[in-house]
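Below is one structure; the comments refer to it alone.
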Amino acid sequence: MTTAQTQELDVQPSPLALLLLGREADPNSERGVECPGELPSPSDPDLVERARAAKEKLGNKVFVLGHHYQRDEVIQFADVTGDSFKLARDAAARPEAEYIVFCGVHFMAESADILTSDQQKVVLPDLAAGCSMADMATAEQVAECWDVLTEAGVAGQVVPVSYMNSSADIKAFTGKHGGTICTSSNARRALEWAFQQGEKVLFLPDQHLGRNTAVRDMGMSLEDCVVYNPHKPNGGLTAEELRAAKMILWRGHCSVHGRFNLDSVNDVRERIPGVNVLVHPECRHEVVTAADYVGSTEYIIKTLEAAPAGSKWAIGTELNLVRRLANRFAPEDKQVVFLDRTVCFCSTMNRIDLPHLVWALESLAEGNLVNRIEVDEETEAFAKLALERMLALP
């Protein structure tokens with residue numbers, strides 16, 4: 001792609017985007033790079049037995065968390081499964097576990113470290129398991145955004161609300177500036193609280209969850225929302241636009257949920273008459289508007305559990321979960337399909353594979369602490385403040 005083409009498409013490569021996964025290092029990031037030991041071969045037929053043996057040797061010293069989007073080969077070794085916040089809270093509820101092995105992505109492991117005790121050590125089997133959405137908002141960019149809001153004379157009216165899918169630095173910024181964290185389940189409650197504190201909300205880093213919650217759930221208009229683009233001067237917004245807006249949405253999105261479009265919905269309705277379209281609120285507004293049901297990962301699972309036999313469902317979320325749900329509910333005569341024709345896994349979530357998990361468990365069993373995720377004290381204090389505000393929401 002030529003420079004002219006990238007400028008036309010508004011593509012701005014970031015340092016994180018330029019980091020080759022599994023190669024080199026980024027000195028300004030906790031994420032990296034290569035494991036300090038030898039990974040087992042992915043074709044090793046003994047991987048399952050090795051993982052089981054290492055986990056048994058560790059006993060109660062290890063607690064393995066598995067996010068819903070993980071592949072089945074990893075999920076089978078999880079002590080609990082769930083979304084990112086549920087897993088972080090589950091880890092905090094197991095103080096006897098010296099090691100928390102988080103089969104998820106980097107920001108999730110950070111949240112677990114923030115919520116667990118100082119004696120517990122959080123391990124991420126592959127440090128390159130990041131999150132494209134979380135990486136779309138850096139601490140430097142958000143600090144610059146706040147300067148823009150200050151110059152426009154509106155910073156005093158703005159309350160930041162950050163999605164759980166954000167780095168510890170962004171959570172700390174939120175706590176420091178009087179804001180709260182939200183999940184896809186309680187985003188409306190978080191926004192209602194924020195609007196009791198101020199007149200405007202800066203929503204980070206997923207524009208779609210922020211827009212869908214404000215417009216679909218709270219009755220605001222699309223005109224109440226503006227999008228702050230960190231790659232443009234002043235976010236691409238005028239001071240007048242910032243003063244008029246209620247929702248200042250960060251220009252971020254999920255690479256998986258953002259791929260679904262209105263054609264996906266129309267196509268599946270044509271292919272499967274009577275299908276129910278159930279999507280995650282990280283999807284685009286046009287998709288959420290056209291869907292029959294919208295909700296978090298846990299909501300999606302519970303909706304299918306309660307669905308009648310013979311019902312048909314097209315699910316707009318990560319493929320590992322959809323495939324697992326399809327297999328689970330097939331015996332109940334519930335048809336579950338992926339919303340889009342094109343297969344799409346979360347590529348960074350899938351970096352946590354069986355070789356990495358085996359390597360991490362065997363290293364811990366041998367007394368070698370690897371790939372520890374540790375948030376510094378100041379960041380942890382402000383991030384925990386923001387998380388505690390969320391926990392106190394009515």
Side-chain angles (χ1 to χ4, degrees), residues 21-22 25 30-84 86-131 320-321 323-324 327 345-375:
L21 294 177
E30 283 187 76
R31 267 181 295 287
V33 301
E34 297 176 354
C35 297
E38 290 298 321
L39 285 177
S41 167
S43 60
D44 185 341
D46 299 323
L47 282 176
V48 171
E49 183 53 41
R50 289 174 63 179
R52 184 176 293 116
K55 194 164 183 283
E56 287 179 357
K57 182 177 179 180
L58 286 162
N60 292 333
K61 291 178 65 177
V62 69
F63 191 50
V64 180
L65 307 174
H67 191 272
H68 285 307
Y69 296 167
Q70 287 293 327
R71 58 182 89 194
D72 289 346
E73 67 182 40
V74 171
I75 283 290
Q76 66 179 316
F77 293 104
D79 294 302
V80 293
T81 60
D83 61 19
S84 59
K86 175 183 180 296
L87 293 177
R89 295 187 73 180
D90 285 344
R94 291 289 294 265
E96 71 278 8
E98 181 179 353
Y99 304 117
I100 305 297
V101 176
F102 209 124
C103 297
V105 294
H106 197 269
F107 78 81
M108 300 178 187
E110 285 184 327
S111 296
D113 183 61
I114 290 168
L115 293 175
T116 52
S117 69
D118 292 340
Q119 289 71 42
Q120 293 176 291
K121 303 169 184 65
V122 178
V123 170
L124 186 65
D126 185 351
L127 290 177
C131 171
N320 273 316
L321 175 60
R323 187 171 58 184
R324 191 173 300 121
N327 293 333
F345 293 99
C346 175
S347 59
T348 49
M349 189 76 73
N350 272 265
R351 292 193 68 90
I352 308 296
D353 55 14
L354 202 48
H356 280 88
L357 179 59
V358 169
W359 168 77
L361 290 174
E362 288 185 338
S363 297
L364 295 176
E366 294 168 1
N368 300 320
L369 177 60
V370 295
N371 286 13
R372 183 179 183 182
I373 301 298
E374 195 170 11
V375 179

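These numbers come from the heavy atoms of this one structure, side chains and all, not from hydrogens, waters or symmetry mates.
Residues satisfying the side chain to side chain contact (heavy atoms under 4.5 Å, CB included) criterion with D46, sequence neighbours excluded, are D44, R50. Take K61 and apply the side chain to side chain contact (heavy atoms under 4.5 Å, CB included) test, not counting sequence neighbours, and it matches E98, Y99.
Residues A54 and A365 come closest through the heavy atom pair O-CB, 4.2 Å. Closest approach of V101 and L361 over heavy atoms only: CG2-CD2, 4.2 Å. When all heavy atoms are compared, the tightest approach of A78 to G66 is CB-N, 3.7 Å. Shown here for A360 and V123, the closest heavy-atom pair between the two residues is CB-CG1, 4.4 Å. When all heavy atoms are compared, the tightest approach of C103 to V64 is SG-CG1, 4.0 Å.
Side-chain atoms of D113 never come within 3.5 Å of backbone atoms of V122 as a donor-acceptor pair (strictly under, hydrogens ignored). A donor-acceptor pair under 3.5 Å links the side-chain atoms of R71 to the main chain of N350, judged by distance alone.
R94 has no carboxylate O lying under 4.0 Å from a charged side-chain N of D90, or vice versa, which leaves the two without a salt bridge. Under the 4.0 Å criterion applied to side-chain N and carboxylate O atoms, D72 and R324 are assigned as salt-bridge partners.
Listed by first and then second residue, the side-chain hydrogen bond (donor to acceptor under 3.5 Å, both in side chains) pairs that reach into residues 73-83 are K55-D79, sequence neighbours excluded.
At least one side-chain heavy atom of F63 sits under 4.5 Å from a side-chain heavy atom of V80. With contacts defined as side-chain heavy-atom distances shorter than 4.5 Å, the pair V48/V358 does not qualify. The shortest side-chain heavy-atom distance between F77 and Q70 does not fall under the 4.5 Å cut-off. Under the 4.5 Å side-chain criterion, counting only non-hydrogen atoms from C-beta, L87 is in contact with F102. A heavy-atom distance below 4.5 Å is found between the side chains of H356 and L39. Side chains of P355 and L47 form a contact here, defined as non-hydrogen atoms less than 4.5 Å apart. In this structure, the side chains of P125 and W359 stay at 4.5 Å or more apart for every pair of heavy atoms.
Between M349 atom CE and H68 atom NE2 the span is 10.5 Å, to the nearest 0.5 Å. In this structure, the separation between CG on L364 and NZ on K121 is 10.0 Å, given to the nearest 0.5 Å. A distance of 9.0 Å separates CG in N320 from SG in C346, rounded to the nearest 0.5 Å. The OG atom of S111 sits 11.5 Å away from atom CD1 of I373, with the distance rounded to the nearest 0.5 Å. Taking SG of C131 as the start and CZ of F107 as the end, the distance is 5.0 Å to the nearest 0.5 Å.
Considering V105, L115, L124, V375 as possible partners of E110, the one that fulfils the side-chain contact (heavy atoms from CB on, under 4.5 Å) test is V375.
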